[in-house]
Amino acid sequence: MSEPITLRRFLTRHAHSNGLDPNLIFLIEDIASACRVIGNRLRNAAFEDNHGLAGDTNVQGEDQKKLDVIADEVFARICENSPRLAALVSEEREDAVWLKNPEAGDYLLFYDPLDGSSNIDVNLSVGSIFSICTAEMDGDRDVLKAGSAQNCSGYAIYGPTMMLVLTVGSGVYGFSCEYGTGDFRLTHPRMTIPAETAEFAINASRYRMWDAPVRRYVDECLAGSTGPRGRDFNMRWTASMVADVHRILTRGGVFLYPADEVNRNAGGKLRLLYEASPMALLIEQAGGTATDGTNRILDIHPYSHHQRVPVILGSASEVARIAHYHIADAGSAAS
Ligand code: P6P
């Protein structure tokens, strides 16, 4: 088997065939470098006394883990020197960090430096999520971009294999980090999601808080071959969006973090700019769909950096079924 091509070779080939901006390539490679460093810090956390809490809370009001802070600083330190990067928007920071006065064509980087960090202390998979958009006009300090404006999105998953999974708008590609050289090599070309699936991911402990359409969907999955779906379903929940999305990109499925009685006032659980939008782009590029229950995630125009949204994403037929249940429920409520 010929050696899988490196991320750089893939991007430069893509530049030649699809006209990728070299400055976007530089930024993607900087992100890959940051993820490689974060992966190494995760592996050595026990030896560097980096497990546990940092003793502070982030803008989300969540207790920051030491590795949340480290991962955020690694992203910023490595990416801030990227030639046309104008601003960073991080889950861990209240405001956008402006690196320069934006010029048209500069890039904006949105990132969740360490997603699912509650899994670290129990040695389960975590990830980093990133999204890249362009500044539209000189001096335009607006970072509130709809997901459809993304040039690139992706994630690193720190699992048995460290992988980088990304799209630049023409399919989803997975790169495995080669132990020893640290090269990211193309091992998963053109990742696609089967339209049909028999696996769903949801935090079932919130059952009593769900709205009727979500309960109906999950009840029917649980009824399996004895119920209206006429087949059995499997359930997974990893408490790490990156790991659940990676599984869905690899073998199909549907992921639900819906609005419920408790999170509705906050808008949901997951953040739009650096969780829902980048994942929604990947899912659509892989042939799936991503909604907030009824509306396409990529069409949502944010009103704040840390806005939260409900997220239903994955195999198109299941996402469509859940949207149908929401619409039917709204119709019956209105009549
Ligand atoms: P829960 C991690 O904190 C996260 O933002 C996502 O990665 C994950 O899908 C979700 O929250 C887990 O939420 O309610 O299971 O802790």
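Start at 1 and go down the list; that is how both ligands and their atoms are numbered. For the single chain, residues carry numbers from 1 onward in sequence order.
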J.: Are R8 and D183 within salt-bridge range, i.e. N to O under 4.0 Å?
T.: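 Looking at R8 and D183, the cut-off is not met.
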
J.: One thing to verify: whether R236 and D244 come together as a salt bridge, which I'm taking to mean a side-chain N less than 4.0 angstrom from a carboxylate O.
T.: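 A salt bridge is absent here (no side-chain N lies under 4.0 Å from a carboxylate O).
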
J.: Is any side-chain heavy atom of E91 less than 4.5 Å from a side-chain heavy atom of P113?
T.: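 The answer is yes, as the side chains (C-beta and beyond) meet within the 4.5 Å cut-off.
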
J.: Give the atom numbers and elements of ligand 1 that come within less than 4.0 Å of a heavy atom of M241.
T.: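 So the atoms of ligand 1 that pass are 6 (C), 7 (O), 8 (C), 9 (O).
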
J.: Kindly write out the residues that satisfy ring pair (Phe, Tyr, Trp, His ring centres under 6.0 Å) with Y107, not counting sequence neighbours, or none if the list is empty.
T.: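 Y107: no ring pair (Phe, Tyr, Trp, His ring centres under 6.0 Å) contacts found.
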
J.: Contact between ligand 1 and S240 is defined here as a heavy atom of the residue under 4.0 Å from a ligand atom; is it met?
T.: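 Yes, S240 has a heavy atom closer than 4.0 Å to ligand 1.
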
J.: Mind checking whether W237 has an N or O less than 3.5 Å away from an N or O of ligand 1?
T.: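 Min N/O separation from ligand 1 is below 3.5 Å for W237.
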
J.: What do we get for K269 next to ligand 1 when only non-hydrogen atoms under 4.0 Å count, side chain, backbone, both or neither?
T.: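 It is the side chain that touches ligand 1; the backbone stays farther off.
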
J.: Closer than 3.5 angstrom, by distance alone: can the side chain of H305 be matched with the main-chain N or O of L144 as a donor-acceptor pair?
T.: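 Between the backbone of L144 and the side chain of H305 there is no qualifying donor-acceptor contact (under 3.5 Å).
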
J.: Look at ligand 1 and say whether E275 reaches it with a heavy atom at a distance under 4.0 Å.
T.: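 It does, in that a heavy atom of E275 comes within the 4.0 Å cut-off of ligand 1.
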
J.: Below 4.0 angstrom from a heavy atom of N203, which ligand 1 atoms are there? Numbered from 1 as shown, please.
T.: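 So the atoms of ligand 1 that pass are 1 (P), 14 (O), 15 (O).
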
J.: Are the charged groups of R271 and E275 less than 4.0 angstrom apart, N to O?
T.: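 Here R271 pairs with E275 in a salt bridge, since their nearest N and O are under 4.0 Å apart.
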
J.: Of all the non-hydrogen atoms in the protein, which one sits nearest to atom 14 (O) of ligand 1, and at what distance?
T.: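 So the nearest neighbour among protein heavy atoms is Y257 OH, 2.6 Å.
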
J.: With backbone taken as N, CA, C and O and side chain as the heavy atoms from C-beta onward, which portion of L270 lies under 4.0 Å from ligand 1: side chain, backbone, both, or neither?
T.: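 Just the side chain.
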
